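What you are looking at is a predicted structure, and each value in this text was computed from that prediction instead of being measured.
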Amino acid sequence: MLDKIKVGLALGGFLAIMHALWAILVATGAAQPIMDFVLKLHMISNPAIVTEFNLLLSLALVVFTGAVGFVVGFVFTAVYNRAHK
């Protein structure tokens, strides 16, 4: 059986780290070219423009995605454990 807390923390931590890296890219001005490149690879024209860095919004993004990741990991593990009893 998988540990719900550990899986939740692992997924939540992963998502929080990925979004913290995104915030760093925005703060350094590197986000727009990366986003343009990735969307071009997917054959998507980019209507989105990266705006100015905002520390408070960046912290909210990291905390929110970490919490959502924790909940998703926790629920997934509960379902997985129940299905594999």
Least distance between heavy atoms, Ala30 atom then Pro33 atom: O-CD, 3.4 Å
Could you check whether any side-chain N or O of Asn81 sits under 3.5 Å from a backbone N or O of Met1, counting only pairs where one atom can act as donor and the other as acceptor? no
Each residue besides Val38 in its hydrophobic cluster should be listed here, by chain and number; the cluster joins Ile, Leu, Val, Met, Phe, Trp and Tyr at side-chain heavy-atom distances under 4.5 Å. Trp22, Leu25, Val26, Ile34, Met35, Phe37, Leu39, Leu41, Ile44, Val50, Phe53, Leu55, Leu59, Leu61
So, for Ala78 and Lys4, which heavy atoms are closest and what is the spacing to 0.1 Å? CB-CD, 3.8 Å
Quick check for you: to the nearest 0.5 Å, what is the distance between Ser58 atom OG and His19 atom NE2? 11.0 Å
Enter the distance from Lys6:NZ to Thr77:OG1 here, rounded to the nearest 0.5 Å. 12.0 Å
Checking His84 now: which residues fulfil ring pair (Phe, Tyr, Trp, His ring centres under 6.0 Å) with it, not counting sequence neighbours? Tyr80
Spell out, yes or no, whether Leu9 and Leu15 are grouped together once hydrophobic residues are joined by side-chain heavy atoms under 4.5 Å, including indirect joins. no
4.5 Å side-chain heavy-atom contact, Leu11 and Val72: yes
Considering all heavy atoms of both residues, which atom of Gly66 and which atom of Ala16 are nearest to each other, and what is their separation? CA-CB, 4.1 Å
Before you tell me yes or no, could you show the steps for Phe74 and Val7 under side chain to side chain contact (heavy atoms under 4.5 Å, CB included), namely the whole-Å CA-CA distance, both residues' side-chain angles and the distance that decides it to 0.1 Å? CA-CA 6 Å; Phe74 188 93; Val7 173; over 6 Å; no
